[in-house]
Every structure is written in C-alpha cells, then in structure tokens.
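To keep things clear, I will list the structure first and then write my remarks on it.
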Amino acid sequence: MSDTKPDPIAQMEKIVSLCKRRGFIYPSSEIYGGCGGVWDYGPLGAELKRNLREAWWRAMTRDREDILGLDACILMNPAIWKASGHVDTFADMMRECSLTNKRVRADHVEAQAGTVMQFTGAKAATGWSISRQITVLMKQGEHIESFRKRVRALIGQNAGAAAGKPEEIELLGEQKTEVVTASVDFHPESGGLLGESRPFNLMLRTYLGPTATEADVTYLRPETAQAIFAQFKNVFDSSRVKVPFGICQIGKAFRNEVTPKNFTFRSREFEQMELEFFIKPDEAVEIISGEVAKWSDGADLSEPQPNWGWEMWHRYWVDQRTKFYQNIGLGDVLEYYWQTPADLAHYARACVDILCEFPFGTEELEGIAARGAFDLTAHQQASTKSQEVFDEDLKNAAAKLTPEQKEALIQKRLAAEQAKVKGEPMPEADVRAWFERLFKGNYVPHVIEPSAGLDRMALAVIAKAFDETVKTDDKGKSETITVLRFHPRVAPIKCGVFPLLKNKPELVAKAREVYALLKPHMNCFYDETASIGRRYARQDEAGTPFGVTIDFDTLGEKPELLNTVTVRERDSNAQHRIQISELLGWLQARL
RNA sequence: GCGGGUAUAGCUUAAUGGUAAAGCGCCAGCCUUCCAAGCUGGCCACGCGGGUUCGAUUCCCGCUACCCGCUCCA
C-alpha cells in the first residue's frame with residue numbers, strides 16, 4: 001500500500017473505474033440508462049465472488065461436522081414475513097420532516113405546543129440558496145434567537161458543504177402564522193413540518209401467480225435467515241443431528257434501500273451468507289453440565305465445550321469468523337463494534353458488528369447476533385407448529401434434580417426476567433410452563449447468527465487489494481502502476497501463461513502445453529500478445545498472483561534448464577525457475 | 001424521497017451554436033530473448049426525452065444514473 005492517505009472519493013472512483021475496465025463489476029442495465037442500486041459482476045468479479053462464496057461454504061459446512069447446508073427459495077409464504085416482524089418493521093407509515101428530511105413513524109409523533117413559524121427560503125454567502133417554504137415549530141418557551149440559530153444549524157446540516165457555515169445562513173421572509181397547543185404535524189426534535197403520511201416499505205413486493213391480485217402478494221426475501229428458521233424442523237428431522245448444530249445458507253436477498261450508495265456496498269439486490277447456529281438454552285446447559293461456562297478474556301475458544309452457554313458460543317463464532325477473514329487476507333483491516341444494550345433489538349442478547357475499512361469509511365461486513373429463541377418461537381406461535389426439540393441428555397439430567405434444585409432454577413430465571421432492560425418480563429406462569437417442558441427434555445433452541453454480506457466482502461477484498469504506485473524508468477518517464485494484491489486463495493485468475501515471444505512457434509506450442517497442463521486445476525489465462533512486461537502488468541491489474549513464462553531455456557537452449565519455466569510472483573516480482581513436472585504442485589501449495 | 005454536484009470513446013480528459021480532439025487501453029500486422037518498448041493500420045463517444053433555433057454535444061426544461069450529505073445497517 002502507498003504511504004500517503006489517498007483522497008477517499010478519488011480512491012473509490014479509481015476502484016469503480018478499474019472494476020468496470022477489467023470486468024469485475026458493471027452498472028446494471030447500463031445500455032438502458034442503468035437501474036438504481038443494482039450492479040452486475042463481470043467475468044473476473046464472478047470468479048472472485050465464487051471463490052469467496054466457496055471459501056465461506058467450505059469453512060462453514062464442509063470442514064465441520066456440526067453444520068448443514070440449505071438452499072431455499074427467494075419466494076416464500078408471506079406469513080413468514082409477518083411472523084418474523086418484517087412486514088411491520090419494514091412497512092411502517094412514515095412521515096418525513098420537511099426541514100431535515102428525517103423520518104418518523106406516523107403513529108409515534110407526540111403532540112407538541114408552540115408557535116408555527118414560516119420562512120420563504122434561505123441563502124448563504126457561498127451562493128447556495130433554497131427558495132421553498134420552510135415551516136418550523138418554535139417550541140413553547142424557546143427564545144426567538146435560539147430558535148433561529150437552531151433552524152440555521154438544521155438547514156446547514158441538511159445542505160452539507162454547499163451552504164458553508166450554519167451561522168452565515170440567512171433566513172428569508174420570517175413570519176409567525178399560528179399558535180398550536182397539541183399538534184402532531186411537527187418533527188419531535190427538529191420541529192420541522194411533517195409531510196404526508198405514506199407507507200415506507202423496504203421489502204420488494206411481487207405477485208406469486210399469474211393473476212397478480214392482492215391475494216397473490218408476496219415479497220422477495222429481505223434476508224435469507226427466515227428460510228432457515230422455517231425449515232428448521234425439516235432439517236432437524238431429516239439429518240440425525242443434535243443441538244448444538246447449525247444450518248447455513250447462501251443466497252440473494254432484496255431490500256428497497258432508501259439510498260443505495262457506496263458502489264456495491266448498499267445494493268437493493270445482494271447476496272447473503274448466513275448461519276443459524278442452534279444451541280441449548282443456558283438453563284439446559286446448567287442442568288446437564290452443572291454449570292454454564294463464563295466468558296473471560298483469553299478463554300480458550302478453539303474447541304466447543306458441553307458447558308458453553310450462549311455467551312461462549314457467541315464469542316466462539318466471533319473468533320471463528322475472524323479467522324475466516326484472516327484467511328482471505330482481510331485480517332488487518334477489521335474492527336469490531338459490540339452493540340450496547342441501547343443499540344440491541346429487544347430480542348437480541350448481544351450483537352457484534354465486524355467492520356472493515358473501506359475508502360468511504362469503516363463499515364459493517366458481518367453481524368454476529370445472539371438472538372435467544374426469538375425467531376423459532378415467533379414461527380412456532382404464528383404457524384402453530386411446534387419448533388421444540390427433544391433432548392434426551394437433558395431429560396435424564398433433569399430427572400436427577402430435587403424439587404428444590406428445580407425451584408432454584410426457576411427463581412433464578414424469574415429474577416433475570418425482572419432485570420430485563422428491554423421488553424416485557426415473561427409472566428411467571430409462562431416461565432413455569434417453560435421449565436416444565438424443559439425438565440421433560442423439550443425446548444425451542446436458541447440461536448447464534450453470523451450473517452455476512454457477500455457483495456460487501458467482495459468489495460472489501462477489492463478495496464484492500466487495490467494498490468497504485470508510480471514507477472519511474474531509467475529515462476525518467478513515470479507511469480502509474482495498478483496492482484490488485486488479492487490473496488492467492490481468492491484471486492479470480494490464479495496463473496497467467498505466456499510464451500516469451502509470439503513469433504516463435506516452438507515457444508507458443510510449449511506454452512499452450514503448459515496452459516493445458518494447469519487449466520484443469522485452476523483458472524489460468526493464456527496471453528501471447530504484446531511484450532512480456534505488458535502481459536505481466538495486465539495480470540497485475542487483474543490481481544493474478546503468478547505468471548509462468550516459457551522461454552528458449554525451456555526448450556533446452558541451456559541443456560540444464562530444459563523443461564523449466566520462469567514463475568513470476570505478482571507482489572515481489574521475484575522469479576523462480578521451476579521444472580514443468582513440479583509446476584502444478586508448486587502453484588497449488590501457494591493457493 | 002429531500003438538498004448539492006456530475007454525465008463526451010472501454011478508461012482519463014479536451015474543444016465547439018454548424019455532429020467532435022488527444023493520451024491510455026483494446027484489436028490486427030511487423031518487430032521484440034523477462035516487467036506497460038517501437039512502427040503501421042483499425043474499432044469505439046456527446047446518458048435519455050422534450051423545447052428554443054435554419055441548425056443543439058453546447059442554451060433551457062424534464063427524466064435516469066452516479067457522487068456528496070440526511071436516513072438505512074448484510
């Protein structure tokens with residue numbers, strides 16, 4: 001990487017431009033003027049994405065005994081989205097503040113008192129201006145000058161750099177209109193007039209069935225996870241697994257993002273890689289193991305243990321996922337954000353965001369949430385189909401408990417319910433009913449959910465790999481060299497194969513032979529045009545880690561070098577002389 | 001969705017009220033014994049729609065996309 005911090009906007013523009021030029025990522029539907037918030041992967045992007053997808057799939061299921069794969073459809077019964085809460089949280093009636101454009105739920109606006117003030121517009125010394133009417137509530141007891149200052153600040157914030165300093169914004173045509181005592185038409189914080197109430201649906205609607213009536217409405221899934229929950233029982237019943245175990249899935253998901261931005265980072269169609277890892281409730285662990293392991297810094301997370309509760313499992317998955325990112329070359333750009341109790345959704349016990357440094361800022365790549373039994377319980381209620389599992393070890397262990405020991409567990413849980421920060425405590429009768437099922441060996445599994453975005457991962461890998469250096473030759477002529485320093489494991493093309501010269505048929509024939517040798521084992525690229533240096537440079541831009549060159553020594557010009565080739569490394573420009581018979585093994589050892 | 005900006009070849013830029021220039025790249029040929037060499041030739045562009053005008057890439061209006069803010073959080 002270069003030493004100087006590049007301008008982030010220019011840096012992104014270069015990356016977008018390279019992605020298009022080299023066939024990683026194109027704007028969707030470009031010949032028709034594009035299509036907002038969707039992007040297509042070209043030949044190199046498709047390979048890169050496939051490598052990442054396969055690395056994830058291998059790490060999550062093939063390399064493990066306790067995780068199974070699933071490939072569910074994008075279209076599902078819309079009842080799933082009601083049960084999961086998406087229909088409600090993704091489709092509120094929203095009103096938008098005319099001053100700041102902030103949105104509030106229409107049914108959540110509290111009545112306010114104050115004086116309604118109007119301005120005909122605003123302008124700034126920078127030449128910036130707006131000429132639409134601005135209506136703002138001056139709250140009861142607010143001083144007129146602090147009110148004006150506040151309005152200037154809000155306008156300035158919304159206008160961004162164009163308006164210059166907020167204190168230099170001039171408010172035009174101020175006038176008082178009316179005094180209100182209990183109005184729900186103003187934003188609770190900014191005081192800006194709220195626009196019309198309108199539905200704000202983040203899910204993409206579609207019709208399942210050719211008649212396309214309202215009865216046929218369903219949604220393109222906004223996340224892949226719900227299919228895993230909906231198929232939980234089928235997987236459990238057909239796979240001879242025991243809790244703890246996981247189900248993972250890779251697939252497309254869709255959200256009508258308000259503002260798609262930052263290239264592919266926030267897209268309306270995107271690919272998720274999600275794991276739902278089902279675990280016993282802590283109470284079950286305690287009954288079986290006599291204790292629940294507590295997390296402490298430096299605790300051993302290498303091998304799952306029977307006494308792990310949700311906290312240890314959560315830490316374990318953060319650790320596992322970190323190792324995954326290290327393996328694809330992103331280890332040194334990661335950051336972690338542990339959500340505070342205030343950030344967390346009411347059903348979540350903990351959530352860690354794994355963030356990655358992009359030119360446009362440090363943004364989330366993956367979220368790892370401990371979601372309790374929320375999801376399966378919600379589906380159990382909505383579908384009226386039991387999502388419980390039976391755990392024989394639990395039943396046997398519970399049978400050995402004394403009534404006092406059982407009551408102690410119940411009391412401990414009741415106390416925990418009372419201490420909840422968010423959400424209502426579970427009523428005592430429900431807690432007792434739940435324990436009754438538990439003591440018989442029945443429970444709805446809890447879940448740890450590592451959920452990653454594949455497109456974000458691909459963008460992170462590209463942004464991390466992007467490197468530009470200025471090279472000056474002997475004659476003082478300098479040019480900018482662009483290299484994508486992908487980890488060989490994810491690089492779209494693994495190896496370039498080049499005859500040193502094109503007009504020597506022996507070299508070309510030998511090079512085609514080497515190409516044919518490697519091609520069945522890895523994605524290779526044969527190139528005989530232009531000078532050898534240019535061919536290396538082309539592959540550098542594509543991020544190809546190795547180049548193999550066939551020269552006259554390969555043909556035996558120096559007898560001791562017969563059947564050897566030059567392997568050139570992208571990052572160091574180092575060259576190695578390798579026997580053709582050993583070439584495949586040499587490369588495979590480095591991928 | 002709101003506010004600000006941008007839109008000329010694959011990429012980066014230029015010029016112009018009379019339909020466009022260059023560099024790089026790409027393709028073909030010649031040449032070339034290891035890091036974007038050279039020569040010759042070639043392909044390729046005014047985002048879309050309307051208006052003003054004899055004539056618009058240029059001026060005006062709409063649309064779309066992208067970038068920067070507000071919101072979203074895989």
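Chain identifiers are assigned alphabetically (A, B, ...) following the order of the sequence lines, protein sequences preceding nucleic acid strands; residue numbering begins at 1 within each chain.
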TODO: Tell me what A:E557 touches on the nucleic acid: a base, only sugar-phosphate, or nothing, going by heavy atoms under 4.0 Å.
DONE: base
Using a 4.0 Å heavy-atom cut-off across all strands, classify A:Q575 as base, sugar-phosphate, or nothing. base
*asked:* What's A:K504 touching, base or sugar-phosphate or nothing? Going by heavy atoms closer than 4.0 Å.
replied: nothing
Rounded to whole Å, CD of A:E13 lies from C1' of B:C68 at a distance of 10 Å
For B:C27 versus B:A9, give the span between their C1' atoms, rounded off to a whole number of Å. 15 Å
When you check the phosphate oxygens OP1 and OP2 of B:U32, does a side-chain N or O of A:N503 lie under 4.0 Å from one of them? yes
message: Can you tell me whether the side chain of A:R568 and the base of B:C34 have a donor-acceptor pair closer than 3.5 Å?
response: no
Against the side chain of A:W39, the closest entry in B:C66, B:G10, B:A37 is B:C66
What distance, rounded to whole Å, do you find between the two P atoms, one in B:G1 and one in B:G62? 15 Å
Closest to the side chain of A:K20, out of B:A74, B:G10, B:C34, is B:G10
Say you pick atom C1' in B:U57 and the same atom in B:G49; how far apart are they, in whole Å?
15 Å
| message | Mind checking if A:G23 touches a base, just sugar-phosphate, or nothing, with heavy atoms under 4.0 Å? | response | nothing
Among B:U32, B:C11, B:A28, the one nearest any side-chain atom of A:T529 is B:A28
Of B:U33, B:C68, B:A74, the nucleotide closest to the side chain of A:F552 is B:U33
Geometric class of the A:Y515/A:Y526 ring pair [parallel <30°, tilted 30-60°, perpendicular >60°]
tilted
If the C1' atom of B:G47 is compared with that of B:C66, how far apart are they to the nearest Å? 11 Å
May I ask you to say what A:I481 touches in the nucleic acid, namely base, sugar-phosphate or nothing, with a heavy-atom cut-off under 4.0 Å?
base
(Q) By the 4.0 Å heavy-atom rule, please label A:S29 as base, sugar-phosphate, or nothing. (A) nothing
Categorize A:E364 for me: base, sugar-phosphate, or nothing, with a 4.0 angstrom heavy-atom threshold over every strand shown. base
Separation of B:A74 atom P from A:R266 atom CZ, nearest Å, is 9 Å
Within residues 533-541 of chain A, those residues having any heavy atom closer than 4.0 Å to RNA chain B are A:G533, A:R534, A:Y536, A:A537, A:R538, A:E541
Exercise for the section: For B:U71 versus B:C2, give the span between their C1' atoms, rounded off to a whole number of Å. Expected result: 11 Å
- Message: Please confirm whether the shortest side-chain N or O distance from A:N573 to OP1 or OP2 of B:C34 is below 4.0 Å.
- Response: no
Of the candidates B:C11, B:C73, B:C34, the side chain of A:R456 sits closest to B:C73
Here the distance between atom P of B:C67 and atom CD1 of A:I15, to the nearest Å, is 13 Å
* Asked: For A:F265, which contact category applies under a 4.0 Å heavy-atom criterion: base, sugar-phosphate, or nothing?
  -> base
Open item on the list: I'd like the C1' distance from B:A56 over to B:A20, given in whole Å.
Closed with: 13 Å
Salt-bridge contact A:E271-A:K49 (side-chain N to carboxylate O under 4.0 Å):
yes
message = Tell me whether A:E269 is salt-bridged to A:R255, with the criterion being a basic N under 4.0 Å from an acidic carboxylate O.
response = no
Out of B:C73, B:U33, B:C34, minimum distance to the side chain of A:L501 belongs to B:U33
Here RNA chain B, pairs taken as Watson-Crick or G-U under 3.5 Å and shown with ( ), [ ] when crossing and | when to another strand, reads (((((((..((((....[..)))).(((((.......)))))....(((((..]....))))))))))))....
TODO: Could you work out the separation of B:C31 and B:A37 based on their C1' atoms and round it to a whole Å?
DONE: 11 Å
The nucleotide from B:G69, B:C73, B:A36 with an atom nearest the side chain of A:K261 is B:G69
Here the gap from A:F270 atom CZ to A:K252 atom NZ, rounded to the nearest 0.5 Å, amounts to 10.5 Å
So ring pair (Phe, Tyr, Trp, His ring centres under 6.0 Å) across residues 552-574 of chain A, not counting sequence neighbours, yields none
Considering only atom C1', compute the distance from B:U8 to B:U16 and round it to an integer number of Å. 12 Å
Are A:F498 and A:Y536 near enough that their ring centres are under 6.0 Å apart? yes
Name the atoms and distances for all side-chain donor-acceptor pairs under 3.5 Å in residues 31-43 of chain A, with sequence neighbours left out.
{"residue": "A:W39", "atom": "NE1", "partner": "A:F263", "partner atom": "O", "Å": "3.3"}
{"residue": "A:Y41", "atom": "OH", "partner": "A:D455", "partner atom": "OD1", "Å": "2.8"}

query: Do the side chain of A:T566 and the base of B:C34 come within less than 3.5 angstrom through a donor-acceptor pair of N or O atoms?
result: yes
Rounded to the nearest 0.5 angstrom, the CZ-CD distance for A:R221 and A:Q272 is 8.0 Å
So CZ of A:R50 and CG of A:L454: to nearest 0.5 Å the spacing works out to 11.0 Å
Can you give the donor-acceptor pairs under 3.5 Å from side chains of residues 504-512 of chain A to other protein atoms, not counting sequence neighbours?
{"residue": "A:K510", "atom": "NZ", "partner": "A:E513", "partner atom": "OE2", "Å": "3.1"}
{"residue": "A:K510", "atom": "NZ", "partner": "A:N563", "partner atom": "OD1", "Å": "3.2"}

- So does A:S451 get a side-chain nitrogen or oxygen closer than 4.0 Å to the phosphate oxygens (OP1/OP2) of B:A74? no
Between CD of A:E479 and C1' of B:G23 the distance, given in whole Å, is 13 Å
Considering just the side-chain nitrogens and oxygens of A:K502, establish if one lies under 4.0 Å of OP1 or OP2 belonging to B:U32.
no
Inset, instruction - Count the heavy atoms of every other residue, nucleotide or ligand shown that sit under 6.0 Å from NZ of A:K558, and state whether that count exceeds 12. - result: no
Residues at least two apart in sequence or cross-chain that pass ring pair (Phe, Tyr, Trp, His ring centres under 6.0 Å) with A:Y325, listed by chain then number, are none
